[in-house]
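All remarks here apply to the structure that follows.
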Amino acid sequence: MDIRVGFGYDVHKWSDDRPLILGGITIPHTMGLYGHSDADVLLHAITDALLGALALGDIGTHFPDTDPAYKGADSALLLAKAYELVGGGGFSLGNIDATIVMERPKLLPFIPAMRERIAVILAVELDQVSIKATTSERMGFIGREEGAAVMATVLIKKNS
Ligand code: MG
């Protein structure tokens, strides 16, 4: 098949004593996301989507959170490793479209920097990376600020 799609979903809980790292950049906020790695929920969802497009399992099988090697890991490295598998399979990125679901902070001012960072990690054009943000309208675990989630889709295409 010449084109394949992948979907990724990730959720992390908020923590009072962590920086907020999202899309490979640090965003000023009063709290951050908790996790074994740097808890970059956006990069995790995109990584999972790339692995899904290849039918190669998920981020947990490739980078287990029980492995001390990934404690505090820079999620950009995990994303880059997943994209190496895409290249290794003879594919390259068509596009990414991701939606961050987070009650606070307002993410709009940081979206350009996140897109640029992801485009650099993957060595793709900026217009191949779409990042959107919404809130959960104060409903549910996201609305109560217990956690935040990201959904991501990717399209990869066979190199000619
Ligand atoms: Mg995660």
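Note that ligands are numbered from 1 as they come in the structure, with each ligand's atoms numbered from 1 the same way.
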Name of the H44 atom (N/O/S only) found closest to the Mg ion (ligand 1): ND1
D65/K71 ion pair, N-O < 4.0 Å: no
Main-chain N/O of G94 paired to Q128 side chain as donor or acceptor, under 3.5 Å: yes
Polar side-chain atom of Y83 near backbone of L93 as donor-acceptor pair, under 3.5 Å: yes
R18 side-chain N/O to G35 backbone N/O, donor-acceptor pair under 3.5 Å: yes
Heteroatom N/O/S of D40 within less than 2.8 Å of the Mg ion (ligand 1): no
Angle at the Mg ion (ligand 1) (to 10°), with one arm to NE2 of H12 and the other to OD2 of D10: 90°
